[in-house]
Structures are given as C-alpha cells and as structure tokens.
Peer 1: 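Here it is, the structure in full.
Values below: all heavy atoms of this structure, side chains included; hydrogens, waters and symmetry mates excluded. One-based numbering along the sequence shown.
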Amino acid sequence: MDRLDAKAIKTYKEIILILDQCIDDYLFVMDLDKDTYFISPHAMKRFNIPSYEFSDSLPAHKKFVYKDDLEMLLSDMNKMVSGKKSFHNLQYRWIGKDGIPIWINCRSKSIKDRDGNVKYIIGCINEIGKRQVADNDSGLLGEMSFKNLIYPIHEDITSGFYFKN
C-alpha cells in the first residue's frame, strides 16, 4: 500500500464522497503533484476550510489551522513531503466556522510513486475535544445523545414520560 496510482486515488476520493454522511471523521487525500487537498465534504460544515477540495494545500492550512499550532504542523508535514518520515500522528487545532479552535487528531501516511518520491498523503482527521457520546463503564448515554433521543418526541412532556422496553 506504499504505492498508488492516479486511478486508485480517484477511487479513494469517490469512496470519501460515498462515506461522507456515514462517518463522523474526515478522510482526506493530499496530491502533492497537483498541490490539491481533498477532504470529506461534511468538514465544511464544521471547519473554516475554503472548500472540500482546494489547491495550494500546505499554504492554505494557514487559513484554518490555529496560529499557535501552525509551525508544528508545517514542520511535521514538510518531513512527510520530503520523505524523512512516512507516518503522521499529530494533535493540534483547526479553526471552526465560528472562529473557535477545535482540537483534532490527524493521522496520515505518505504514498510514494515508483521512483520512491512522495506523491500523496492520505489520512483521517477526528475531533478529540467532542463530548463523549456514551459512557462505556456505566453503559449510559451522554447528555447530547440523550437529548437527541428525546427531542423527536412531539407530545407535551411537561408532565413526564418513561421509556418502555
């Protein structure tokens, strides 16, 4: 899996589009030859990114990566691009649509061409500051999951309600 061709990358982008509404994480591919960045389209709803596909990829990160984290990210990405490292696992912040920093974890792998040059960087971004959906120890839903469960109820619940098994 260290080498993929343009056809495989096109297929990967199609898979990202298919899975876009099925996963909470954000899959991405960075094409170094074309200098383009392609990410799950639903990332546009959450982050201050220009589009789900944009060019000038590394410099464009200056617009949506939290300024205090930018140097660390660019340093690590430059090591990936140069081939000094092949795997990226970094926690840092992106700017949300509301201008507030959002903690993410980005993991990616470099993909080389037949000559051994890094051609693509493929990976996944997930939010690490999100509220927990459920508690594995107690088995109970978290606050937001519980609210999502009861909000669809259209009846007047001022007098109370119960769940029937």
Side-chain angles (χ1 to χ4, degrees), residues 1-136 142 144-145 148:
M1 176 94 175
D2 282 349
R3 289 176 174 59
L4 295 175
D5 59 15
K7 185 177 179 183
I9 293 300
K10 181 180 180 215
T11 301
Y12 184 74
K13 287 180 178 181
E14 290 170 357
I15 290 169
I16 289 174
L17 291 173
I18 291 168
L19 294 176
D20 183 54
Q21 295 182 2
C22 300
I23 61 174
D24 291 332
D25 296 339
Y26 311 98
L27 304 174
F28 71 90
V29 61
M30 186 184 302
D31 184 327
L32 299 177
D33 286 346
K34 294 180 182 176
D35 195 17
T36 58
Y37 190 92
F38 185 94
I39 190 167
S40 302
H42 74 278
M44 291 177 54
K45 295 176 185 172
R46 185 77 171 124
F47 301 108
N48 196 28
I49 57 176
S51 176
Y52 68 89
E53 186 167 23
F54 53 89
S55 58
D56 207 20
S57 54
L58 282 178
H61 277 67
K62 293 177 184 177
K63 297 175 185 171
F64 59 87
V65 172
Y66 187 65
K67 63 180 169 106
D68 292 350
D69 300 339
L70 186 61
E71 185 178 328
M72 170 185 59
L73 170 64
L74 293 178
S75 172
D76 203 61
M77 290 305 292
N78 284 326
K79 289 176 186 172
M80 292 274 293
V81 171
S82 69
K84 291 180 181 171
K85 64 186 288 188
S86 61
F87 187 74
H88 166 86
N89 184 10
L90 199 61
Q91 296 175 349
Y92 57 100
R93 293 162 285 188
W94 275 17
I95 303 299
K97 283 287 195 190
D98 57 3
I100 304 294
I102 300 168
W103 278 101
I104 64 160
N105 185 66
C106 179
R107 292 184 182 186
S108 59
K109 175 143 180 54
S110 62
I111 307 296
K112 298 178 180 180
D113 63 14
R114 296 187 191 284
D115 298 324
N117 300 311
V118 177
K119 188 164 175 80
Y120 305 105
I121 296 176
I122 295 176
C124 181
I125 293 170
N126 56 55
E127 291 184 51
I128 57 175
K130 277 187 170 181
R131 289 187 183 189
Q132 192 172 354
V133 175
D135 182 356
N136 289 330
M144 292 309 295
S145 295
N148 290 336

Peer 1: Give me the atom names and distance for the closest heavy-atom approach of V118 to S110.
Peer 2: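 Distance-wise, the nearest heavy atoms are CG1-CB, 3.8 Å.
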Peer 1: State, yes or no, whether a side-chain contact exists between I125 and I39 at a heavy-atom distance under 4.5 Å.
Peer 2: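 They are in side-chain contact.
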Peer 1: Show me, pair by pair, the donor-acceptor contacts under 3.5 angstrom made by side chains of residues 54-67, not counting sequence neighbours?
Peer 2:
| from | atom 1 | to | atom 2 | distance (Å) |
| --- | --- | --- | --- | --- |
| S57 | OG | D35 | OD1 | 2.9 |
| H61 | ND1 | S57 | O | 2.7 |

Peer 1: Below 3.5 Å, can you tabulate the donor-acceptor pairs from side chains in residues 26-33 to any protein atom, sequence neighbours excluded?
Peer 2:
| from | atom 1 | to | atom 2 | distance (Å) |
| --- | --- | --- | --- | --- |
| Y26 | OH | E127 | OE2 | 3.0 |
| D31 | OD1 | D33 | N | 3.0 |
| D31 | OD1 | K34 | N | 3.0 |
| D33 | OD2 | K119 | NZ | 2.3 |

Peer 1: As an exercise, state the distance from CD of E53 to OH of Y37, rounded to the nearest 0.5 Å.
Peer 2: 12.0 Å
Peer 1: Out of curiosity, R107 CZ to H88 NE2, how far, rounded to the nearest 0.5 Å?
Peer 2: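 That separation rounds to 10.5 Å.
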Peer 1: Considering residues, nucleotides and ligands other than E14, do more than 12 of their heavy atoms fall under 6.0 Å from its CD?
Peer 2: yes
Peer 1: Going from CD on Q91 to CG on N126, what distance comes out if it is rounded to the nearest 0.5 angstrom?
Peer 2: 9.0 Å
Peer 1: Side-chain donor-acceptor contacts of residues 98-106 below 3.5 Å, not counting sequence neighbours, with atom names and distances?
Peer 2:
| from | atom 1 | to | atom 2 | distance (Å) |
| --- | --- | --- | --- | --- |
| D98 | OD1 | I100 | N | 3.0 |
| N105 | ND2 | N89 | OD1 | 3.4 |

Peer 1: Between atom CD1 of I18 and atom OG of S40, what is the distance when rounded to the nearest 0.5 Å?
Peer 2: 12.0 Å
Peer 1: Rounded at 0.5 Å granularity, tell me how far OG in S82 sits from CG in N117.
Peer 2: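 Between atom OG of S82 and atom CG of N117 there are 11.0 Å.
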Peer 1: Just wondering, more than 12 heavy atoms not from Y52 lying within 6.0 Å of its OH?
Peer 2: no
Peer 1: Please report the closest heavy-atom contact between L90 and L73, naming both atoms and the distance.
Peer 2: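 Closest pair (atom of L90, atom of L73, distance): CD2-CA, 3.9 Å.
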Peer 1: What's the spacing between K79 NZ and D76 CG if we round to 0.5 Å?
Peer 2: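 Between atom NZ of K79 and atom CG of D76 there are 6.0 Å.
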